[in-house]
Amino acid sequence: MRRIRLSRRVVGMLATAVALGSAAGCTPAAGTQWPLGSPVGITILSGSDTSVSPGSPPVLPDENGMYQQLVNYWNAYEAKIYGFSVTLDVVPGGATAAHSEMLAAAQNHGKHYDIYNLDNQWVSEFADGGYIRPLQGMVNTSRFLTGPLRSAEDASGQLYAVPFTTDVGLLYYRSNFVGAAEVKSLHSFQAMISLARSEMLQHPEVSEGYAGQFASYEGLTVNTLEAIWKNDNDPAAFASDGTIQDTAAVTHGLKDLADAFAPGQTGRPVVPLAELYYHEPQDFQDFATGKTIFMRNWPIYYEQLAAGSPGTVPLNEVGVASLPFPSALGGQDLAIASSSPNPRQAREVIDFLTSASAERCLFAVGGFPATRASAYAPGNWLPPDPISNQPLCGKKAGVSVNIGPEIKAALSTAIPRPTTRYYTEFTTLLQNQVWNMLFQASQRDATGSGVATVVSGLTADLRAAAAGNAP
């Protein structure tokens with residue numbers, strides 16, 4: 001684990017942070033008593049920061065993330081006001097490594113950590129395990145978007161975290177092949193694959209019709225759920241505990257997914273076998289170099305497309321839209337460790353990090369979809385520092401602000417993943433069975449009986465997992 005210790009400086013930006021709602025709801029609910037403690041600093045445990053830009057000083061020379069930018073800003077200006085500094089501990093190695101270290105810290109009473117920056121699918125697990133403090137009635141939630149706010153709740157709908165960043169799948173497409181009206185008319189995974197297959201026949205120079213994330217990791221879970229969901233259907237295919245409650249919906253979705261990998265009569269599948277080993281960067285590379293017509297990916301990749309490089313598709317030949325079906329909701333939420341001796345101070349840090357100013361920085365400079373609607377205001381404005389009158393997080397907004405409307409539209413229909421404490425078991429079981437099914441489909445035409453076998457196995461396995469008895 002990499003440890004980052006931060007410096008302190010003076011001066012404050014309390015006027016901006018408070019005026020924009022960063023300190024709203026700081027008083028605990030009636031009957032709630034939190035000890036004041038004796039803070040020497042608040043420590044945040046987080047996974048890797050994937051910001052596209054660090055913003056401006058006081059970022060340290062060897063750090064380049066927006067999380068670090070905001071924490072450093074606290075230490076430079078807010079620490080003098082509140083009387084304590086903040087430390088950001090980063091777990092390298094991706095989401096699985098971050099989850100393992102956070103869980104180990106929590107189960108070992110995690111006295112060193114005050115705040116966990118949790119991927120939203122872990123909130124229920126940590127809440128049910130008693131590892132994080134309930135925040136119901138203690139946070140002003142009125143300005144947060146509905147989807148991200150739901151991601152911070154446990155299975156019973158009780159708030160246990162505050163939305164920090166969010167994420168949502170977008171459809172990138174070759175606008176010189178497919179028109180915006182055609183894309184807008186799509187309302188299912190099956191319809192999109194059908195259009196991609198048709199376009200492949202007209203454009204033999206492309207090697208695949210659709211690029212998604214189908215390697216055996218969380219990306220496969222997300223892409224599978226999205227293939228099952230439809231715009232004209234609610235997320236009833238899976239119950240909140242991860243069990244299958246609409247067998248027909250799951251069967252139809254998996255059949256459509258398998259069909260996309262099947263060679264078919266032309267011998268050219270819409271989604272080639274190589275996709276079973278792809279994560280987001282590989283899909284982006286194929287799309288950027290003109291090998292595919294559609295790509296499902298996160299908003300942060302728009303910035304990379306805009307940067308361009310020799311041999312890549314120009315941005316004026318790329319369209320961006322909501323997926324033709326609900327996206328799985330991504331993002332990270334800030335939760336207070338149950339063992340933190342300084343919950344009041346942790347709340348003050350969370351209020352700052354999720355303030356309107358911070359959310360605009362996260363979106364307009366860092367490239368993260370924001371959890372507050374105000375962050376998507378049009379234009380290139382950045383929140384100012386009231387002391388120096390310079391922008392809080394940089395002098396220039398990134399190109400992500402150009403797709404703010406598409407991101408907001410996608411977030412309005414996005415669906416959180418099952419809110420079960422056994423989410424790790426849920427996603428592992430789903431990945432194992434679906435990946436094998438797709439591999440078999442890529443070797444020959446998909447068969448309904450093969451999909452039915454997978455659905456039957458998943459039904460039993462997920463039911464056992466929901467009871468804590470995963471096979």
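- No side-chain donor-acceptor contact under 3.5 Å links Asn120 to the backbone of Asp333.
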Hey, mind stepping through Gln285 and Thr289 against side-chain contact (heavy atoms from CB on, under 4.5 Å) and telling me if it holds? CA-CA 6 Å; Gln285 184 65 24; Thr289 54; 3.4 Å; yes
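- The distance between the ring centers of Phe368 and Tyr67 falls below 6.0 angstrom.
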Does the side-chain contact (heavy atoms from CB on, under 4.5 Å) test come out yes or no for Ile244 and Leu458, once each step is laid out? CA-CA 8 Å; Ile244 294 175; Leu458 275 176; 4.0 Å; yes
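- Summarising the geometry of Val320 relative to Glu406, their closest heavy-atom pair is O-CG, 3.5 Å, with the distance given to 0.1 Å.
- Within the 4.5 Å cutoff, no side-chain heavy atoms of Arg268 are placed close to those of Pro263.
- Between Arg174 and Val313, some side-chain heavy-atom pair lies under the 4.5 Å cut-off.
- Defined by atom type and a distance below 3.5 Å, a donor-acceptor pair is present between the side-chain atoms of Thr427 and Glu218.
- Rounding to the nearest 0.5 Å places CG of Leu362 at 11.5 Å from OG1 of Thr166.
- No donor-acceptor pair under 3.5 Å is formed between the side chain of Gln304 and the backbone N or O of Tyr301.
- Annotation: side chain of Tyr302 is not in contact with side chain of Val318 (no heavy-atom distance under 4.5 Å).
- Looking at every heavy atom in both residues, Glu425 comes nearest to Ala465 through CB-CB, 4.1 Å.
- Residues Ile132 and Ala335 approach most closely at CG2-CB, 3.7 Å, considering heavy atoms.
- The closest side-chain donor-acceptor pair between Gln158 and Asp154, if any, does not fall under 3.5 angstrom.
- In this structure, Tyr278 has its ring center at least 6.0 angstrom away from the ring center of Phe214.
- Between Thr50 and Ile300, the shortest heavy-atom contact is O-CD1, 2.9 Å.
- Looking at Ser194, its side chain never comes within 3.5 Å of a backbone N or O of Ala191 through a donor-acceptor pair.
- A pairwise comparison of heavy atoms in Ile407 and Pro369 identifies CG2-CB, 3.9 Å as the closest pair.
- Distance check: Leu88 CG to Asn72 CG gives 8.5 Å after rounding to the nearest 0.5 Å.
- Under a 3.5 Å cut-off, the side chain of Trp435 and the backbone N or O of Leu276 do form a donor-acceptor pair.
- Side chains of Thr420 and Ser124 form no contact here, defined as non-hydrogen atoms less than 4.5 Å apart.
- For Ser327 (side chain) and Gly169 (main-chain N/O), a donor-acceptor pair under 3.5 Å exists by modelled atom type.
- In this structure, the side chain of Asn140 engages the main chain of Ser142 through a donor-acceptor pair within 3.5 Å.
- A donor and an acceptor atom, one from each side chain of Ser400 and Glu303, are located under 3.5 Å apart.
- Judged by distance alone, the side chain of Gln332 and the main-chain N or O of Asp119 form no donor-acceptor pair under 3.5 Å.
- Here Phe287 and Phe284 keep their ring centres 6.0 angstrom or further from each other.
- For Glu359 and Thr371, the side-chain atoms include at least one donor-acceptor pair closer than 3.5 Å.
- The side-chain heavy atoms of Asp167 and Pro299, taken from C-beta on, include a pair separated by under 4.5 Å.
- The ring of Phe325 has its center no closer than 6.0 angstrom to the ring center of His187.
- More than 12 heavy atoms of other residues, nucleotides or ligands lie within 6.0 Å of NE2 in His99, so this atom counts as buried by the packing criterion.
- Proximity of a side-chain donor or acceptor of Ser456 to a complementary backbone N or O of Ala452 within less than 3.5 Å is not detected.
- Between Asp256 and Ile193, every side-chain heavy-atom pair lies at or beyond the 4.5 Å cut-off.
- Under 3.5 Å, the side chains of Gln213 and Asp283 contain a donor-acceptor pair of N or O atoms.
- Remark: side-chain polar atoms of Arg360 are paired, donor with acceptor, to backbone N or O of Ala377 under 3.5 angstrom.
- Using modelled atom types and a 3.5 Å distance limit, the side chains of Gln190 and Asp259 yield no donor-acceptor pair.
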Apply side-chain contact (heavy atoms from CB on, under 4.5 Å) to residues Glu182 and Leu195 and explain how you reach the verdict. CA-CA 9 Å; Glu182 276 186 293; Leu195 178 58; 3.7 Å; yes
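- Here Ser51 contributes atom OG and Gln68 contributes atom CD; the two are 10.0 Å apart, rounded to the nearest 0.5 Å.
- Nearest heavy-atom pair, Ala370 versus Leu411, reported as atom, atom and distance to 0.1 Å: O-CD1, 4.3 Å.
- A distance of 6.0 Å separates CG of Leu145 from OH of Tyr376, quoted to the nearest 0.5 Å.
- In this structure a side-chain-to-backbone donor-acceptor pair under 3.5 Å is present from Arg417 to Leu329.
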Candidate pair Tyr423 and Glu125, rule side-chain contact (heavy atoms from CB on, under 4.5 Å), full reasoning: CA-CA 7 Å; Tyr423 184 82; Glu125 176 185 5; 5.7 Å; no
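- Separation of atoms CE (Met192) and CG (Leu186) is listed at 8.0 Å; rounding is to 0.5 Å.
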In sequence, state the C-alpha distance, the side-chain angles, and the governing distance for Phe426 and Phe238, and then conclude on ring pair (Phe, Tyr, Trp, His ring centres under 6.0 Å). CA-CA 11 Å; Phe426 166 85; Phe238 294 91; 5.7 Å; yes
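- Considering only heavy atoms from C-beta on, Met102 comes within 4.5 Å of Phe126 through its side chain.
- Two residues are said to be in side-chain contact when any heavy atoms from C-beta on lie closer than 4.5 Å; Ser216 and Val434 fail this criterion.
- Applying ring-ring contact (aromatic ring centres under 6.0 Å, His included) to Tyr210 and the options Phe189, Phe294, Tyr172 leaves one that passes, Phe189.
- No donor-acceptor contact under 3.5 angstrom links the side chains of Glu280 and Asn297, judged on distance only.
- For the side-chain contact (heavy atoms from CB on, under 4.5 Å) with Leu225, the lone residue among Thr221, Val222, Asn223 that qualifies is Thr221.
- Once rounded to the nearest 0.5 Å, the distance linking CG of Leu220 with CG of Leu438 reads 6.5 Å.
- Between Arg296 and Glu226, at least one side-chain N (NZ, or NE/NH1/NH2) sits under 4.0 Å from a carboxylate O, which counts as a salt bridge.
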